[in-house]
Protein chains: 2
Amino acid sequence: MEKNIATSIFESLSSGVRLDVFRLLVKKGKDGLVAGEIATALNVPPTNLSFHLKALTQTGLLTVEQEGRFQRYRANLRLMLDLIAYLTEECCAGHPEQCAELREASECCDAVLPALLSTPIKF
Amino acid sequence: MEKNIATSIFESLSSGVRLDVFRLLVKKGKDGLVAGEIATALNVPPTNLSFHLKALTQTGLLTVEQEGRFQRYRANLRLMLDLIAYLTEECCAGHPEQCAELREASECCDAVLPALLSTPIKF
DNA sequence: GTATTATTTCAATGATAGTTGTACTATTGA
DNA sequence: TCAATAGTACAACTATCATTGAAATAATAC
């Protein structure tokens, strides 16, 4: 993952409205929600919501599909996993024993995602 | 995790400098680095780096410890795991079969962190 | 075609973040 | 005590983001 993509994703989620939208769509899974349902659920004016949906879609955190006059949005969980992998690249400089100590110091945990990601995650 | 804490963390990582700092310290593990070493490694002016280190420390992503006249910074990996758990809370409304379909649609992956987190992560 | 609904685009405003230089504090060593 | 070093705090400037209302686009229903 490129750095500017990662920062865009973080910036996307640094707004309370956008964080609420993403988490709501994570809960909804493959069904997703249309824009109006999101606006109702979160009590955000449509104009403002549209602004935030655009930001989330541009970073790739959401996908959008037209359904008649509705726009259906869904969360892109794969991108989130890629982001996690990027963040933890070369964790502890490849010394697992250091990871164990760091885990103790910062209450860090063993990683168990490696098989699922192109880049292993090693806490 | 509270929403405003989560947004603060994302905002922390939405800057290229801060993202570089965090990833560098993840690599360094428990040893961490003192401020001057970070400045040298990333080629950031001390004044500017101090600004970003303060932001990262205030959100809890970094810990800081005084060593004589040096300030040693370390990454807090546990907080990152808590954040991931928060993001994926109630994923797919508790219907694993939906998660599977969403995984297919967005190239999402099976989750394997549950035992390590207070809140299960279920993609 | 006309009206209605869903959503977005645009423009204007106020608020907030990033960078830099200068000045300051604190620790070390002579 | 005095000088040197590590790092931070502050102020000023620029740039960018969030919010809102009004207008525009696009699809459906009558």
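Predicted model only: the values in this text are computed from it and were never measured. All chains are named by letter (A, B, ...) in the order of the sequence lines, taking the proteins before the strands, and each is independently numbered beginning at 1.
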Would B:E65 and B:R74 count as a salt bridge (charged side-chain N to carboxylate O under 4.0 Å, His left out) if you check the C-alpha gap in whole Å, the side-chain angles of each, and the deciding distance to 0.1 Å? CA-CA 9 Å; B:E65 183 185 5; B:R74 294 183 180 87; 2.9 Å; yes
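- Contact annotation for A:R18: backbone-only contact, meaning every heavy-atom pair under 4.0 Å involves sugar-phosphate atoms and none involves a base.
- Inter-residue side-chain proximity for B:D20 and A:K3 is flagged as met; some heavy-atom pair is nearer than 4.5 Å.
- Residue B:N48 places its side chain closer to C:dT20 than to any other of C:dA6, C:dT20, C:dT8.
- At distances below 3.5 Å, at least one donor-acceptor pair connects side-chain atoms of B:N76 with backbone N or O atoms of B:G60.
- For A:Q71, whose side chain is taken as the heavy atoms from C-beta onward, the closest listed nucleotide among C:dT19, D:dT8, C:dT7 is C:dT7.
- Counting heavy-atom neighbours within 6.0 Å of A:Q66 CD, excluding the residue itself, gives a total above 12.
- Remark: P of D:dT8 and CG of B:L56 are 12 Å apart, rounded to the nearest angstrom.
- Taking atom NZ on A:K54 and atom C1' on D:dT19, their separation rounds to 15 Å, with Å as the unit.
- Within 6.0 Å of atom CD in B:E67, more than 12 heavy atoms from other residues, nucleotides or ligands are found, so the atom counts as buried in its surroundings.
- At D:dT19, one or more side-chain N or O atoms of A:H52 fall inside 4.0 Å of OP1 or OP2 (strictly under the cut-off).
- Side-chain atoms of A:S50 do not come within 3.5 Å of backbone N or O of A:P46 as any donor-acceptor pair.
- Rounded to whole Å, the distance from CZ on A:F10 to C1' on D:dT16 is 20 Å.
- Atom CG of A:N43 has 12 or fewer heavy atoms from other residues, nucleotides or ligands within 6.0 Å.
- Using modelled atom types, one side-chain atom of A:E37 and one backbone atom of A:V34 make a donor-acceptor pair closer than 3.5 Å.
- Phosphate proximity of C:dT7 to A:Y73: absent, as no side-chain N or O sits under 4.0 Å from OP1 or OP2.
- One can place CD of B:E11 at 12 Å from C1' of D:dT16, the figure rounded to the nearest angstrom.
- Atom CG of A:L49 is separated from atom C1' of D:dT20 by 14 Å (rounded to the nearest Å).
- Rounded to whole Å, the distance from CZ on B:R72 to P on D:dT8 is 13 Å.
- We find that CZ of A:F51 is positioned 14 Å from C1' of C:dG14, with the value rounded to whole Å.
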Give me, pair by pair, the N or O atoms of the protein and of nucleotides 21-28 of chain D that are less than 3.5 Å apart, along with how far apart they are.
residue, atom, partner, partner atom, Å
D:dA22, N6, A:T47, OG1, 3.3

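- Remark: nothing in residues 34-43 of chain A comes within less than 4.0 Å of DNA chain D through any heavy atom.
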Check against side-chain hydrogen bond (donor to acceptor under 3.5 Å, both in side chains), A:S12 and A:T59: CA-CA 7 Å; A:S12 282; A:T59 62; 3.2 Å; yes
